[in-house]
Amino acid sequence: MVDTDTSELQAKEKVEVASSVEQTKPGRLFTPAVDIFETEKEIALLADLPGVKTDGLTIDLRDDTLTLTGEVKPFKGPDEEDILIEYDVGNYYRQFTLSEVIDQNKIDAQLQDGVLRLTLPKVEKAMPRQITVKEG
Amino acid sequence: MIVRRISFPDFGWRSTFTDLERMRRDMDRLFEQVMGGTYRPLSAGVFPLINLTEDKDNYYVRAELPGLKAEALNISASGRNLTISGERKISSKGDNVKYNRREREAGSFNRIIALPGDIEVNKVEANLSDGILTVAIPKAEAAKPKQIMVK
């Protein structure tokens, strides 16, 4: 199903990460725009990461914290001089706390055209146990 | 603005000037905070935001268009202008889905960029990879810088 929304896109400045994370590498750090949605079985996350290649992307899930880091290599040629700069180029960083238990072995990640699609399957809930009370 | 130098008090004008300068800088800083980043008076505020650079032979226009396919993009050049238009579609996920966050936007766009010099309209090349569009626009022979020999 395709969304038939044809409204005009608005220009938006990239959002810089608030400096709670200390960086060892110089350069700016941006927050990618994401969509997160869930069904009964899984949580899906879509993130806009223009300029990030597969080898520059790190997805880290530890306990209930999901961390996305995307490295962007500068693509400007050596002899190029700036005329008009409307957006800055930098790496991406975003962290989420997951409220559901995720099945670590079934996580699926795809990066295509600068968009990451991450599927996080939920662990099947423990079956409710019937407790029988015996007469004693 | 009329500047009356003669009647201006001789004392303390320098401190007035520095006060003004400080106020101006404070305003700039405030602006940066409100705008959430670097204040850029040159930005046209039209999607997509572009970076325009040049070297000896070409102009380069770059834009971030994540999730766009080459077919969804329309680029044309005429005169000194480059037009980028297209539509970004985000498929909906059905009815059984609950959204936690929805920040990515869909919609159409149409932007015209005036280049600072004459260009070779027929030799413009565009490339879309990893969500970054790069358009290389060769400069017209007359617009290229010439090395002048001194005899």
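A, B, ... follow the sequence lines: proteins, then strands. Residue 1 opens every chain.
Within a 6.0 Å radius of CD in B:Glu125, no more than 12 heavy atoms belonging to other residues, nucleotides or ligands are found. Heavy-atom neighbours of B:Lys144 NZ from other residues, nucleotides or ligands within 6.0 Å: above the threshold of 12. Around NZ of A:Lys53, the count of heavy atoms belonging to other residues, nucleotides or ligands within 6.0 Å does not exceed 12. For A:Asp63, the CG atom counts as loosely surrounded, since its 6.0 Å shell holds 12 or fewer non-hydrogen atoms of other residues, nucleotides or ligands.
Two residues are said to be in side-chain contact when any heavy atoms from C-beta on lie closer than 4.5 Å; B:Thr134 and A:Phe75 fail this criterion. A:Phe37 places none of its side-chain heavy atoms less than 4.5 Å from the side chain of B:Lys98.
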Apply the test side chain to side chain contact (heavy atoms under 4.5 Å, CB included) to residues B:Glu64 and A:Tyr87: give CA-CA distance (whole Å), side-chain angles for both, the deciding distance (0.1 Å), then the verdict.
CA-CA 9 Å; B:Glu64 294 185 335; A:Tyr87 69 86; 3.5 Å; yes

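In terms of heavy-atom pairs under 4.5 angstrom with chain B, the leader among A:Val115, A:Val34, A:Thr39 is A:Val34. Ranked by heavy-atom pairs under 4.5 Å with chain B, the first of A:Ala47, A:Pro32, A:Ala44, A:Pro50 is A:Pro50. Counting heavy-atom pairs under 4.5 Å between each of B:Ile50, B:Asn100, B:Asp55, B:Val97 and chain A puts B:Ile50 at the top. Options B:Gly67, B:Pro66, B:Gly131, B:Ala63 differ in how many heavy-atom pairs under 4.5 Å they form with chain A, and the most are formed by B:Pro66.
Note that CG of A:Asp48 is 4.0 Å distant from CZ of B:Arg88, once rounded to the nearest 0.5 Å. In this structure, CZ on B:Phe47 lies 10.0 Å from NZ on A:Lys12, to the nearest 0.5 angstrom. In this structure, CG on A:Leu84 lies 9.0 Å from CD1 on B:Ile113, to the nearest 0.5 angstrom. Summarising the geometry, atom CD1 belonging to B:Ile132 is positioned 11.5 Å from atom CG belonging to A:Asp113; distances are rounded to the nearest 0.5 Å. The line from CG of B:Asn110 to CG of A:Leu9 is 11.5 Å long, rounded to the nearest 0.5 Å. Interatomic distance, OG1 of B:Thr53 versus CD1 of A:Ile85, reported as 7.0 Å (0.5 Å rounding).
With a threshold of 4.5 angstrom between heavy atoms, B:Leu128 does not approach chain A through any atom at all. For A:Phe96, the part lying under 4.5 angstrom from a heavy atom of chain B is the side chain only. Within the 4.5 angstrom heavy-atom criterion, only side-chain atoms of B:Tyr60, from C-beta onward, approach chain A. Heavy atoms of A:Leu46 lying under 4.5 Å from chain B belong to its backbone as well as its side chain. Only the backbone of A:Val52 comes within less than 4.5 Å of a heavy atom of chain B; no side-chain atom from C-beta onward does. For A:Pro78, no part lies near chain B; criterion is any non-hydrogen pair under 4.5 Å.
Ion pairing of A:Asp79 with B:Lys56 is absent here, as no side-chain N (NZ or NE/NH1/NH2) approaches a carboxylate O to less than 4.0 Å. Using a cutoff of 4.0 Å between basic side-chain nitrogens and carboxylate oxygens, A:Glu80 and B:Arg62 are scored as salt-bridged.
Side-chain atoms of A:Asp35 come within 3.5 Å of backbone atoms of B:Glu103 as a donor-acceptor pair (strictly under, hydrogens ignored). In this structure, the side chain of A:Glu81 does not engage the main chain of B:Glu54 through any donor-acceptor pair within 3.5 Å.
Residues A:Glu86 and B:Asn51 bring no donor and acceptor atom of their side chains to less than 3.5 Å of each other.
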